[in-house]
Amino acid sequence: MGNGDCKTSQSRGRLLVRALPCLLGLNITGALAEPLQACTRPLSVAFYAIPPYYYHGADSTEWRGIDRDLIDELARRTGCRFEQRFESRVRIWQQLEAGSLDLSASAIQTPERDRFARFIPYTTERNLVAVRSSAPASTNASTVLTDPALSLAITRGYRYGPPFDSWIDTLKRSGRVVEAADEEAALRLVTIGRADAAIVRDSAWRLVSRLYPTASLRRLDVGAPVIEVNLVLSRAQIGTGLYDRFNAAITSLKRDGSLRRIVDRHVSPDSPRAHGNENPAP
């Protein structure tokens with residue numbers, strides 16, 4: 001092989017290396033970049049529908065919620081700029097792992113997610129089970145998790161924490177789980193009889209009652225533990241310095257009462273709380 005052939009072969013090899021990421025549909029720029037230690041560029045943040053954390057207002061045109069206000073306050077306290085977008089929960093976790101999304105909110109921490117994300121808790125939550133009020137009396141807080149005939153509607157890509165995740169795994173093995181795009185869609189499946197139950201947060205119950213005033217959903221408190229609700233940051237994009245900055249900002253929000261005021265803005269003080277109540281939605 002002559003020198004000309006060698007040079008041609010080397011040039012082709014370099015072109016192939018450069019083109020390979022494009023051929024594979026990969027974006028290696030973000031993967032090769034060092035995680036940010038400061039807000040040197042706008043940060044991407046994704047929301048998903050989950051009342052009262054992110055939901056439509058009464059006029060159904062404006063998105064609002066605890067998470068929206070939290071990000072606005074973090075922008076003021078850290079000086080960071082955020083590029084906000086709406087995504088499904090499934091895509092949010094995929095993008096956080098791939099490093100194509102910087103952060104999100106309303107996240108439940110798990111060992112699997114710890115591999116690619118860091119978490120900062122900012123509030124707590126309890127989950128309830130919602131069933132139709134026409135469900136038989138035998139469907140109650142003591143029996144619902146062991147009912148062999150019950151079908152459950154869940155939000156695709158969402159983790160509910162104990163005891164629900166293990167319950168969902170059991171129901172899936174029996175083919176009794178229906179996945180919906182979001183919580184509202186899951187509840188709608190219950191109201192139209194496509195599923196027997198759905199899981200909903202205690203803080204969302206008042207909003208749920210307004211969404212389905214004629215469905216007369218009944219809530220069951222199964223004694224689920226309090227779980228932490230977290231800001232979630234991609235390890236691929238957010239370094240320890242910037243993580244510490246967000247952590248300090250959330251700590252200050254808690255200390256001066258700002259976070260409590262944000263929550264109270266979207267969770268009515270007189271909203272029903274989950275303390276053994278199994279009352280129909282008002």
Side-chain angles (χ1 to χ4, degrees), residues 30-31 34-39 43-54 65-75 77-78 80 82-127 154-166 168 182-183 199 201-204 224-255 258-260 262-263 266-267:
E34 288 293 321
L36 295 174
Q37 303 301 328
C39 293
L43 302 178
S44 57
V45 56
F47 300 106
Y48 68 105
I50 178 172
Y53 295 90
Y54 198 67
I66 295 168
D67 290 347
R68 177 80 178 267
D69 292 351
L70 173 67
I71 293 300
D72 288 346
E73 190 61 37
L74 288 177
R77 298 203 179 203
T78 64
C80 296
F82 295 98
E83 294 178 346
Q84 303 180 12
R85 64 180 188 250
F86 183 89
E87 293 280 8
S88 72
R89 199 59 181 152
V90 171
R91 284 179 55 82
I92 285 173
W93 287 112
Q94 291 172 342
Q95 292 170 10
L96 286 168
E97 185 170 11
S100 57
L101 175 67
D102 296 322
L103 68 151
S104 185
S106 288
I108 305 301
Q109 186 173 8
T110 68
E112 178 187 1
R113 292 169 176 176
D114 282 334
R115 294 186 298 102
F116 59 85
R118 294 184 175 93
F119 297 82
I120 304 174
Y122 58 93
T123 188
T124 57
E125 190 62 79
R126 287 188 72 235
N127 284 317
I154 64 170
T155 302
R156 189 178 298 111
Y158 193 79
R159 298 300 295 268
Y160 295 91
F164 300 106
D165 290 335
S166 59
I168 291 168
D182 54 41
E183 183 179 84
I199 302 168
R201 286 160 317 290
D202 183 22
S203 63
V226 171
I227 56 175
E228 290 183 332
V229 179
N230 298 270
L231 190 72
V232 55
L233 312 166
S234 171
R235 289 183 182 272
Q237 295 299 332
I238 306 298
T240 55
L242 193 48
Y243 170 88
D244 290 342
R245 190 170 181 178
F246 282 125
N247 195 23
I250 289 178
T251 298
S252 72
L253 281 165
K254 294 176 180 178
R255 185 180 297 119
S258 296
L259 190 53
R260 180 73 263 168
I262 288 174
V263 172
H266 301 281
V267 181

Go through the structure and list residues passing salt bridge (Lys or Arg N to Asp or Glu O under 4.0 Å) with [X], not counting sequence neighbours.
X	answer
D165	R159
R255	none
D182	none

Among all residues two or more places apart in sequence or in another chain, which pass the side chain to side chain donor-acceptor pair (under 3.5 Å) test with [X]?
X	answer
T240	none
R91	E87
D114	Q109
S234	none

- [ ] Could you verify whether a donor N or O on one side chain and an acceptor N or O on the other, from R89 and T155, lie under 3.5 Å apart?
- [x] no
Side chains of residues 116-124: which donor-acceptor partners sit under 3.5 Å, not counting sequence neighbours?
unit_1, atom_1, unit_2, atom_2, d
R118, NH1, I238, O, 2.9
Y122, OH, D67, OD1, 2.6
Y122, OH, S106, N, 2.9

TODO: Can you see which heavy atom on Q37 is nearest to which on G241, and at what distance?
DONE: OE1-N, 2.7 Å
TODO: Just jot down the ring-ring contact (aromatic ring centres under 6.0 Å, His included) partners of Y158, sequence neighbours excluded, or say none.
DONE: Y160
Residues which pass side-chain contact (heavy atoms from CB on, under 4.5 Å) with [X], listed by chain and number, not counting sequence neighbours:
X	value
P111	none
S44	R85, L101, D102
P52	Y55, I66, R201, S203, A204, L207, H266, V267

